[in-house]
Structure formats: C-alpha cells, structure tokens
Student: 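Structure incoming, see below.
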Protein chains: 2
Amino acid sequence: MKGSSDTRERLLEAAGRLFGEHGYAAVTVKDIAHAVGIHHASLYHHSPGGKEELFVEVTERGLIRHQRGLNAALARSEGSLRAQLRAIADWLLSQAPVDLVRMALSDMPQINTAAAETISNLAHDALLLPIMTALESGQARGEINYPDLGNVAGSIFASIEALHTIPAIYLTKTRLEMAYDLIDIFIRGMQTD
Amino acid sequence: MKGSSDTRERLLEAAGRLFGEHGYAAVTVKDIAHAVGIHHASLYHHSPGGKEELFVEVTERGLIRHQRGLNAALARSEGSLRAQLRAIADWLLSQAPVDLVRMALSDMPQINTAAAETISNLAHDALLLPIMTALESGQARGEINYPDLGNVAGSIFASIEALHTIPAIYLTKTRLEMAYDLIDIFIRGMQTD
DNA sequence: GTCTATATAAAGATAGAC
DNA sequence: GTCTATCTTTATATAGAC
C-alpha cells in the first residue's frame, strides 16, 4: 500500500461520489473532508492540488473504473447482443449515475482545458465505445441491421442512465427490469429487415 | 408592458440560459448581470429575491414554455405517432438542452424544498407527459403495442436531449435527422406484435 | 496526520449617491 | 435604474502548532 494512505483513499472515494452526484461547482472541499470525518484543512495534506486536482483525479479514476467494468461485462457475455447489453446495464445500474450532459456543459468549462479534453475523450472511450463494440458485434452476427450505429450508442447510454433518477415511489418494476425492456426495444428497433 | 421592464426581461432571459446550460451552482449573479451589461448590484433592483428566486422563476418559466411548445407540437401533428414524436423532437432540438439528471441531483438539493418539489413536478408534467400522451394515442390507434409506456417516455426524452451534446465535429448528419432515426427505432421497438 | 488560526478571494446581498 | 462602496458569508488555500 505504498504512498496511498487509508485516509487518502477514503477521501478519493468520497470526492468521487460527491462530485459524481452533484457536480464540480456544487461540492466544496469542506463537504468532502466532512464526509470522511476530517477537517477540511487536513484534506490538503492528502491532496495538495486542492479541489480541481482532486476532481480531475477521481473523475478519471471513475471513468477508468467504468471502462474496466464495462469491458468485463462485455467479456463475460459474448455471443449475443442482448446478453451484452444486459451485462452493460447490470454494470451501469450497479454504479452511481453518470451525467454526461452535466459533465460536458457544467463541469468541464470550470476546469483547465487540457484536463477537460482528457476527461472528455476518456468518457467517450470508457462509456460509449463498449456499447458501440457490442452493437457492432451484434451487427456482424446479423442480430441487428442498422446503419449509423454510432448514433445509437449514446442514446442507449442516456436511456439507461435516466433510469437512475426515477423516484423509487414511481417504480412499478426494478430499474434493471426497465433497462432490459429498453434494450429489447432498441434491439427490435434496429432490426430493419 | 406594466412592471416588467425591458432590462428585467433581458435579465430573466440571460438567467434562464445560463442556469439551464451550467446549472445553479456554476452560475453567479455576476455572470448574469454581466451578460446583460449591468453591474451585479443592479440585478437586485429587478430581482430583489436574489439568485435563488431568480433561478426558481426562470426555471419554472422555462418549463412552462416547454409545456406550451410541446403541447403545440402535439396539436399540429395529430394523426400519427411518428409525426407527433418528430414534432416533439423538432421542438426540443430547437431549444436549449434540458438536463433532467442535473436538475434532480444537483440543482434541486440546493434550493428550498418547496420550490424544488414544484419544479420537479412541473418538469414531469411539462416534459414527460406530452411524450406519454403521444405514446398512448399511438397505442390507441394500434401503431404500437407495448405495456409500460411510462417507462419509455423518459427514455425517449433522454435520448433526444443527449443529441445536444454531440460535438459538431462528430456529426455525420443533423441532430434532427438523428432524432428521427431514433424515433423510428423506438416505434419499431414498441411494435411487439 | 490532524488540528487551529489565518489569509485571500469570491460570492451573495444591501445602502445610498447619482 | 444604475452605479460605487460596503458588508457578510462562504470557499479555497496556507502556516504552523501539536
């Protein structure tokens, strides 16, 4: 466990959770420090770069985590598009919501442009490419027949993530069941034969 | 034009645009005042309630605007589900992006709970109900055959809004053409016969 | 490694001159 | 109706004691 102390790790976890849920501007370093039970001044001992560096670090970490999770989901569900998209939904709904719109329009303009560019590219590679890969495999196997698959990946991602925000009171079935329903709609909809 | 001076109107317009794009926390009263070319102290003359009241006012206004726009879209496209959903996409893509996830997870927790509740309900009624109405009409006409339509309305909304964030460089066709493609996918996908 | 104290800056807001 | 000046609060960040 080299330089990464336990407290630092808990700080990164809390920062990732809070930034992910509320966005860069709405979270203060005080919120983050308080979440792990230390004074906010102590935070700078573990993360000397302060708020912005913390945000960049945990956001990149979170995206890489998703990249691994989604690629693992793909790997263990090879053979059918439906199984692959369900595995992707399993993963995404087991994790905290990811709001790509907020990241693009609200968070990114508030950090340095170089980091923003890195994160934007990583978000695309980590979240959208796996869905794209699944769609192309399915297309190659003849399960769907659709031009312009790139268009659809973002839509599937947004559809699944939107399920996160449905208040529990309105749920007639689980979010995962809803996601599976949506996946069937997308697959059927891309069968243009 | 009674009490609503021209400057006040321009302030509301700027506030609506900035809050809508970047969210409550990321926009300062200085940003808003600067956008209309006045000192931020002057803003309080037109909007004595300050930032929070301004946010609530323009957000409700924007949602009511969408409610009118979407219901008008429905009214002028009666007869076919595809035409109605296309009219909805026409409207949504002609307007600034609406990030319901950010509103729910980031903006609402930062304002008083009563206003947050009002806005949340209004967002549902203004944005999701029109889509729901179109789907139910289409179902009644036999154009689609799908249980659990409530599930799908949010997904269609999220899918269309996600198009807003595709960088212009990646566009192989217009966002509206992409939206029409997605609508066909959804309609075909909801034909379970 | 954590705290208290403090510095600095930014943001929301008000008072009062013009 | 707009400005300057000011106040208050909050936020980011640093210094230094423990």
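No hydrogens, no waters, no symmetry mates; every other heavy atom, side chains included, goes into these values. No experiment lies behind these values; they were computed from the predicted model shown.
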Student: Any salt bridge between A/R65 and A/E13, counting N to O under 4.0 Å?
Tutor: no
Student: Rounding to an integer number of Å, can you tell me how far A/D31 CG sits from D/dA11 P?
Tutor: 7 Å
Student: Which whole-number value in Å describes the distance from A/I32 CD1 to D/dT12 P?
Tutor: 8 Å
Student: When you check the phosphate oxygens OP1 and OP2 of D/dG1, does a side-chain N or O of B/S5 lie under 4.0 Å from one of them?
Tutor: yes
Student: Using a cut-off of 4.0 Å on non-hydrogen atoms, how would the nucleic acid contact of A/S42 be classed: base, sugar-phosphate, or nothing?
Tutor: base
Student: Return the minimal non-hydrogen interatomic distance between B/D99 and A/R102, and the atom names on each side.
Tutor: OD2-N, 3.2 Å
Student: Please report the closest heavy-atom contact between B/L11 and B/A33, naming both atoms and the distance.
Tutor: CD2-CA, 4.3 Å
Student: Does B/T174 form a side-chain contact (heavy atoms from CB on, under 4.5 Å) with B/L93? I'd like the steps, not just the answer.
Tutor: CA-CA 10 Å; B/T174 68; B/L93 290 177; over 6 Å; no
Student: Using the side-chain contact (heavy atoms from CB on, under 4.5 Å) criterion, which residues pair with B/S77? Sequence neighbours excluded.
Tutor: B/A83, B/Q84, B/A87
Student: Measuring from A/N151:CG to B/I185:CD1, what's the distance to the nearest 0.5 Å?
Tutor: 7.0 Å
Student: Checking contacts here: which listed nucleotide (C/dA11, C/dT14, C/dT2) is nearest the side-chain heavy atoms of B/Y44?
Tutor: C/dT14
Student: Rounded to whole angstrom units, what separation is found between the NE2 atom of A/H34 and the P atom of C/dT2?
Tutor: 15 Å
Student: Counting only N and O atoms by type, is there a donor-acceptor contact under 3.5 Å from the side chain of A/T59 to the main-chain atoms of A/F55?
Tutor: yes
Student: Strictly by ring pair (Phe, Tyr, Trp, His ring centres under 6.0 Å), give each pair with a member in residues 165-193 of chain A just once, sequence neighbours left out.
Tutor: A/F186-B/F186
Student: Send over the distance from A/L11 CG to C/dG1 C1', rounded to a whole Å.
Tutor: 11 Å
Student: Could you tell me which residues satisfy side chain to side chain donor-acceptor pair (under 3.5 Å) with B/D31, sequence neighbours excluded, listed by chain and number?
Tutor: B/T28
Student: Is B/K51 close enough and on-axis enough to B/Y24, meaning under 6.0 Å and within 45°, for cation-pi?
Tutor: yes
Student: Grab the NZ-C1' distance between A/K30 and C/dT4 for me, whole Å please.
Tutor: 13 Å
Student: Can you pull out the residues from residues 45-56 of chain B that lie within a 4.0 Å heavy-atom distance of DNA chain C?
Tutor: B/G50, B/K51
Student: Pull out every protein N or O sitting under 3.5 Å from an N or O of nucleotides 5-7 of chain C, one pair per line with the distance.
Tutor:
none

Student: Applying a 4.0 Å non-hydrogen cut-off, can you work out what A/V27 is touching in the nucleic acid: base, sugar-phosphate, or nothing?
Tutor: sugar-phosphate
Student: Do B/D90 and B/R86 sit within salt-bridge range, that is, some charged N less than 4.0 Å from a carboxylate O?
Tutor: no
Student: Check DNA chain D against residues 17-26 of chain A and give the residues with a non-hydrogen atom under 4.0 Å, in numerical order.
Tutor: none
Student: What is the separation between atom CD1 on B/I38 and atom P on C/dC18, rounded to the nearest whole Å?
Tutor: 21 Å
Student: To the nearest Å, how far apart are B/D6 CG and D/dT2 C1'?
Tutor: 15 Å
